[in-house]
Amino acid sequence: MSDTPNAPTVAVFRPDDERLELAVALLSELGTEPVPDPMLAVEATGTVPRTDADYVVFTSKTGAELVSEAGWEPGDQTVCAIGPATADALRAEGYAVDLVPEEFTSSGLVAALEDRVAGARVEVARSDHGSAVLLDGFEDAGAYVHETILYRLVRPNGSGESAALAAEGDLNAACFTSSLTVDHFLEAAADRGVRDAALEGLADATVGVIGEPTAETAAERGIDVDVVPEEATFDALARETVAAVRPGRE
């Protein structure tokens with residue numbers, strides 16, 4: 001927690017592992033009072049990417065760790081990561097990463113590969129909540145696309161402390177890292193009977209999100225978004241969201 005008097009409260013929804021620990025540490029360094037409220041928990045399926053693909057696409061650190069635990073070996077496949085965090089996780093597990101797009105998004109990954117994959121087999125290995133952008137984009141580029149669900153994302157029991165704070169007007173900012181964290185936040189608020197009040201609280205807070213898809217989901221759910229960092233990383237999200245907390249919200 002921050003030692004700064006009247007430090008702004010900032011909710012973070014990362015899974016309850018080292019990602020949450022690092023997020024809380026960063027927000028504390030930025031002079032805030034972090035509110036760790038995990039909105040995602042991982043349920044592994046035990047599956048691995050198919051072996052006959054020409055390209056294998058990973059979209060998360062979790063996916064990299066799970067395929068390593070399952071003993072997956074890529075062979076001659078071209079291994080692609082959606083961004084640097086995923087690439088670093090793959091390398092940490094001993095995998096060579098052949099491609100990381102300049103734009104760390106699904107559309108950026110499609111753009112980086114669309115001239116190469118016509119007639120090729122593309123394996124997309126990810127969670128059960130991936131968007132259709134990758135699948136549709138590669139299919140439009142002429143690839144044979146297959147999706148392997150490595151894990152399911154569920155809402156942890158007991159989540160929703162941040163929603164209660166928002167409902168009480170005691171939350172100054174929130175850092176949403178995916179569309180699913182938005183939906184799970186609202187589900188947790190509904191479970192506590194404070195959904196409408198939590199939405200009102202977010203309207204008075206600074207809301208930061210990673211990526212345009214998350215921003216669109218938030219807008220569709222009635223949440224005004226203040227910050228969408230150009231760099232799709234939690235570090236950028238945290239720093240820009242904290243910097244955007246307006247006077248009077250501390």
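In what follows, residues are counted from 1 in the order of the sequence shown. Side chains included, hydrogens not; waters and symmetry mates left out as well; all remaining heavy atoms used.
- With hydrogens and angles disregarded, no donor-acceptor distance shorter than 3.5 Å links the side chain of Ser127 to the backbone of Leu153.
- Ser60 and Thr62 are not linked by any side-chain donor-acceptor pair at a separation below 3.5 angstrom, with hydrogens and angles left out of the test.
- For the pair Asp37 (side chain) and Gly160 (backbone), a donor-acceptor distance under 3.5 Å is present.
- Between the side chain of Thr148 and the backbone N or O of Thr47, no donor-acceptor pair lies under 3.5 Å.
- Put simply, Leu40 and Tyr151 are part of the same group of oily side chains (I, L, V, M, F, W, Y) that touch within less than 4.5 Å, one to the next.
- The shortest side-chain heavy-atom distance between Thr177 and Arg19 does not fall under the 4.5 Å cut-off.
- Looking at Ser28, its side chain does come within 3.5 Å of a backbone N or O of Val24 through a donor-acceptor pair.
- Tested against Val12 for a side chain to side chain contact (heavy atoms under 4.5 Å, CB included), the candidates Leu237, Thr181, Leu27 yield a single pass: Leu27.
- Atom CE of Met39 and atom CZ of Arg14 lie 14.5 Å apart (nearest 0.5 Å).
- No side-chain heavy atom of Thr78 sits less than 4.5 Å from a side-chain heavy atom of Asp54.
- Contact check on Asp191 versus Arg155 returns a salt bridge, with a Lys/Arg side-chain nitrogen under 4.0 Å from an Asp/Glu carboxylate oxygen.
- Judged by distance alone, the side chain of Asp98 and the main-chain N or O of Cys80 form no donor-acceptor pair under 3.5 Å.
- Between Ser106 and Ser131 the shortest side-chain heavy-atom distance falls below 4.5 Å.
- By the criterion of side-chain heavy atoms lying less than 4.5 angstrom apart, applied directly or through intervening Ile, Leu, Val, Met, Phe, Trp or Tyr residues, Ile149 is not grouped with Val48; the two fall into different hydrophobic clusters.
- One hydrophobic cluster holds both Val79 and Leu66 under the rule that ILVMFWY side chains link at heavy-atom gaps under 4.5 Å.
- Residues Thr241 and Gly208 come closest through the heavy atom pair OG1-CA, 3.5 Å.
- Between the Gln77 side chain and the Arg50 main chain, a donor and an acceptor come within less than 3.5 Å of each other.
- In this structure, Val154 shares a hydrophobic cluster with no other residue, the cluster being traced through Ile, Leu, Val, Met, Phe, Trp and Tyr side chains under 4.5 angstrom apart.
- There is no path of hydrophobic side-chain contacts, each under 4.5 Å, that joins Ile210 to Leu180.
- Taking Ile, Leu, Val, Met, Phe, Trp and Tyr as hydrophobic and joining them when side-chain heavy atoms fall under 4.5 Å apart, one finds Leu134 in a cluster with Tyr55, Val57, Ile82, Leu99, Leu109, Val110, Leu113, Val117, Val122, Val124, Leu135, Phe138, Val145.
- Taking Ala11 as the reference, Phe13, Val35, Ser162, Leu171, Ala174 meet the side chain to side chain contact (heavy atoms under 4.5 Å, CB included) condition, with sequence neighbours excluded.
- Counting only distance, with no hydrogens or angles, the side chain of Tyr95 and the backbone of Trp72 share a donor-acceptor pair below 3.5 Å.
- Side chains of Thr217 and Asp183 form a contact here, defined as non-hydrogen atoms less than 4.5 Å apart.
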